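Scroll down for the structure; my scribbles are underneath it.
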Amino acid sequence: MTDVTMRVWRGDADGGDFRPYKISTEGGEVVLDVIHRIQAEQSGDLAVRWNCKAGKCGSCSAEINGKPRLMCMTKMSSFEEGQAITVAPMRTFPIIRDLVTDVSFNFEVAKRVPAFKPKPREADGTHRMAQIDVERGQEFRKCIECYLCQDVCHVIRDHEENKPQYAGPRFFLRYAELEMHPLDTNDRRTIVREQAGVGLCNITKCCTDVCPEHIKITDNAIIPLKERVVDRHYDPVAWLGRKIRRRS
Amino acid sequence: MTTIEEVGPAGNAPSVTPVALGRTRGGPDVPTLRPDRWWIQPTVIFLGLTAFVAYSTWAAFINKDYFHAPYISPFYSPCISSNCTYQQLPIIGTWWSISPSILIVAFPLGFRLTCYYYRKAYYRSFWWSPPACAVADAHPRYSGETRFPLIMQNVHRWFFYAGAVFVVFLGIDAVRAYDFPGGWGMGLGSLILTANVVLLGLYTFSCHACRHLAGGGLRGFSGHKIRHWLWKRVSVVNAHHMLFAWLSLIFVAFTDVYVRLVASGVITDPRFF
Amino acid sequence: MATDAQTNMAAEIETHELDVLVIGAGGAGLRAAVEAHGRGVKTGVVCKSLLGKAHTVMAEGGMAAALRNVYPEDNWQVHFRDTMRGGKMLNNWRMAQIHAQEAPDRVNELEDWGALFDRTPDGRILQRDFGGHRYARLAHVGDRTGLELIRTLQQRSVARGVEVYMECTIFQLLTSDGKVSGALGYWRETGRFVLFKAKAIVIATGGSGRCFKITSNSWECTGDGHALALRAGADLMDMEFFQFHPTGMVWPLSVRGLLVTEGVRGDGGTLRNGTGHRFMFDYIPAMFQAETADTEEEADAWYDDHAGNRRTPDLLPRDEVARSINSEVKAGRGSPHGGVFLDIASRRSADYIRRRLPSMYHQFMELAGVDITKDPMEVAPTAHYMMGGIRVDADSTAATVPGLFAAGEAAAGLHGSNRLGGNSLSDLVVFGRRAGVAATEYAEGREGAVAVDGGDVAEACAQALSAFEREEGENPYTLHRELQEAMHSLVGIIRTQSEIDQAIDKIGELKERSGNISVEGNRAYNPGWNLTMDLVSMLTVSEAIARSALARRESRGGHTRDDFPGPDPGFGKINHVVRRADDGTISVTPEPLPEMPAELRALFDE
């Protein structure tokens, strides 16, 4: 048992500040455990969003000592003893209360993604896909929608005005997944450029850094999308090829 | 009971739903809450890249001491003007009077400038956009790579093709580095030029554009055995692209320094045989 | 009759009028909503969390369906028989039959909606072995199949424009003329009330694991649907059967109860006690002797050759394994932190483990600092799944109140006294879809406007806010902790009459004290208040569990009585039905099982 000071942001859209809570912690605990004990023992109305407490649902996203993390996957033992630990809500999204933010931006963006459109089944009624082909999409489908990547992405974190034309890393994953889906027949490359704003990303890789599922968002999704946009819009050889094919 | 009829195509037309911005933000309004020394990394990268740019600019313009048989500095290869100390491919006439390095340096420079790794490095350390993760962008407005000049980053693939050609030239240089005036042999410089082209090759062929062209651009790999094999190999080295970017950068400068020191007579190249 | 003031209050509440309201956005709820919406009725889904966070994401191993991709010998009859045997024949045979027959179509359909299951070498859906299933039958995605299911349904819902009301808790169902007419809830964000008028309501609220101290369930699993339905006059059934998953994490304390997928055993992991002995060979019950290996050699050979060998006892149904682990620990042969060892490290290559069980690898590495490719895991039973639930008609999922339907974990019947792993996810889509169909048909056939009684609404709202008016009252967190302690130690994995009696007393006391809860702060996103509301459901469900457990004087499936250690043929013919009288008292009535037709019964003579 050691004592620790948690500086937890308390407030809503009208303002707020960090409030210190002194609390004891035992071995093996994570930040969410401590937040829960603050709720049970000191401040019953401390708002926090959480569900599984196992790093699988992606609900308890916050900024711990300034870094976007899942509270349930951040061990108390990872901090230096004697240092106060700061817990703040995600910065990119409007505050609801305390550690809870309004993440509806992400649900709006999700609606804009053109849906999966499969090719017809084989004659025997099955869809055939190779394991090597589903594995690429499976990496992206590990995403637990914690939106930490969206939170850390400076394109919208520091530039609110970009939100209407930017899908963000989580949805670049989704676009990449669909563009690499062996059964899909939609071509979303123009949408990726024009509506999802992949060009706004300057690949500074913070999304990959914060991903609790260790998905290689930048290398495996965003850059391949950028390259697909290059195929479609910036590659004269491919352009010429398309022209010739259309003629013949 | 039957399954429901599919009603029309599953939303394949681009949706035009506007994105609602929601309410105003709240929460702590400070550039960053990180207590750690997040500025160390961008500072180190800033210093490293600045040092390289300063040295390579000087080395490219100085127009001397870049050749000492059989070694040629990578900054001057391929040497394509008639005023080269070492006649390699004199396709540019005598009217070119300044350093022949200037003729070619744009290609490797462009390759590195548009490289996905270096973009991250300099956007963070030079442009502070953002300086580190969860640290505020230093600029009030941001349009990323959607407008000129940064939209030109999309030409990275073309610099990759040029980069691949350069690897061939430097490969020839490395082989020639064993071809001494008195016959075949091996000096320390031979090994350095060899290591240089190996690192440069690893950097070039671990590039993201290469990975895309190798097979990453395919929707599925089945039916594309060779490209899948290639993609897997490129993916392995691509995971270390940053490492190769730095190693090849440092080594290309080091190779130039070495050739320069030998050519100017400061040191003598040790011959092994 | 409602007074004018009450009518006005009801009129002021934000109101949505729907044909079909689905409560719960897990696998069953979303599948029901997709179906109803696709059939053209006005459909809405309410959920307590954000869309996509439902407890379904925690399902790991896979979804059972006789696709016959790995074993062509498999078919719905075998799946049906496995399900019935796993449930100790207490299942509703018709539900088990529908489930086994329709599961393959429902799995294939997910693929049309974008799901990416693991593949066989010839490109079809790969299936894995799981406890109680005769053949490798579970379509899966590594060990995160639940996430795949929820994401697929979520994306389908979004693509089709299904209306989702997120972070909204329903705390009261409304009825008029004995029919369901709506639901009353509050937005977590603001605490403001919201009224949904609906012609039909589907309850898909999942389980009630939060009644127990050590549980794999998230905070949402508070048995809301059970309590709502019971208060609306519907029957609950089989509430004594609660599945304790045999392998939950035991250490560190903060993740105690967190699930370790059965896939670990399906892929070669084995249970060992503190001395390293594979103790499951000592606990093979008579019912499974014919198909279970009794030597380690045969068990190990079975993984590669199912035809020539009998299956390993590590993969006996969950109730058997959980009881065996419990016995080993009680006998002092446990692991250092009070569990047993689950060892896959010494049996499979590190590469294989990381590929087949990525999230388990991740979970142990990040939360416990254990590398499962090198060291064994420590596991013990954890409260996992509610077999009981709302009593429904097998074909239509209709509850006993007209207009009310239930699917998924909230409904009873399919799993009998014990659920087989992998049958849950297929349950969600099979009966989720059927609930969507039936609710749509009911809503379309329902005539006249849906009316709600303003008086009911006003009364329920006032009741909900009463905790704000008290000061210096009980702390909801404390009451919850006491309830969990009582349920776990008194109505947990092993039960006995005197302890259940104690639990019922304790629940009565907590019910009384819960009327005196006070919460601080205001209504906006106030977890203390939210817990107070959920506590109402948990107390109701806990009482139903305890009373049913008291009535079943035998041991069967997910119900083990120390004082009646064996099964009793008499109890094997009845289900316990729970009803609530108008004064709030809860009664338990035995009712005979529906008669299984001869052609299905013949399947068990083999």
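Since this is a predicted model, take the numbers as computed values, not measurements. Letters go in sequence order (proteins before strands), and every chain restarts at 1.
- By number of non-hydrogen pairs under 4.5 angstrom with chain B, the leading residue of A/Thr86, A/Thr101, A/Asn162 is A/Asn162.
- Counting heavy atoms from C-beta outward, A/His233 and A/Val229 have side chains that approach closer than 4.5 Å.
- Ranked by non-hydrogen atom pairs under 4.5 Å with chain B, the options A/Thr185, A/Asp184, A/Asn220 are led by A/Asp184.
- For the ring-ring contact (aromatic ring centres under 6.0 Å, His included) test with B/Tyr203, the passing option among B/Phe111, B/Trp246, B/Phe244 is B/Phe111; the others fail.
- Between chain B and the residues A/Val152, A/Ile203, A/Asp17, the largest count of heavy-atom pairs under 4.5 Å involves A/Ile203.
- No part of A/Arg193 comes within reach of chain B, as not one of its non-hydrogen atoms sits under 4.5 angstrom from that chain.
- In terms of heavy-atom pairs under 4.5 angstrom with chain B, the leader among A/Phe93, A/Phe107, A/Tyr234 is A/Tyr234.
- Under a cut-off of 6.0 angstrom, the local environment of CZ in B/Phe107 is sparse, with at most 12 non-hydrogen atoms contributed by other residues, nucleotides or ligands.
- For chain A, no part of B/His241 is nearby; none of its heavy atoms comes within less than 4.5 Å.
- For B/Val155, no part sits under 4.5 Å from any heavy atom of chain A, backbone or side chain.
- Heavy-atom distances place the side chain of A/Asp209, and not its backbone, under 4.5 Å from chain B.
- Contacts of B/Arg219 with chain A are made by both backbone and side-chain atoms, with heavy-atom separations under 4.5 Å.
- Your options are A/Glu63, A/His181, A/Glu194, and the one with the most heavy-atom pairs under 4.5 Å with chain B is A/His181.
- Heavy atoms closer than 4.5 Å to chain A are found nowhere in B/Trp38, neither backbone nor side chain.
- For A/Lys216, the NZ atom is loosely surrounded, since the number of other residues' heavy atoms within 6.0 Å does not exceed 12.
- B/Arg211 touches chain A through its side chain: at least one heavy atom from C-beta onward sits under 4.5 Å away, while N, CA, C and O do not.
- Relative ring orientation between A/His159 and A/His154 is described as perpendicular, the plane-to-plane angle rising above 60° on a 0-90° scale split at 30° and 60°.
- Taking the side chain as every heavy atom from C-beta outward, A/Arg19 and A/Val8 never approach each other to under 4.5 Å.
- No part of A/Ile222 comes within reach of chain B, as not one of its non-hydrogen atoms sits under 4.5 angstrom from that chain.
- Remark: the B/Tyr118 side chain and the B/Arg112 side chain contain an N/O donor-acceptor pair separated by less than 3.5 Å.
- For A/Leu148, no part sits under 4.5 Å from any heavy atom of chain B, backbone or side chain.
- Proximity to chain A (any heavy atom under 4.5 Å) is restricted, for B/Trp231, to the side chain, taken from C-beta onward.
- Of the two parts of B/Ser129, the backbone and the side chain both hold a non-hydrogen atom closer than 4.5 Å to a non-hydrogen atom of chain A.
- For B/Ile91, the CD1 atom is densely surrounded, since the number of other residues' heavy atoms within 6.0 Å is greater than 12.
- Residue-environment remark: CD (A/Glu122) exceeds the threshold of 12 foreign heavy atoms within 6.0 Å.
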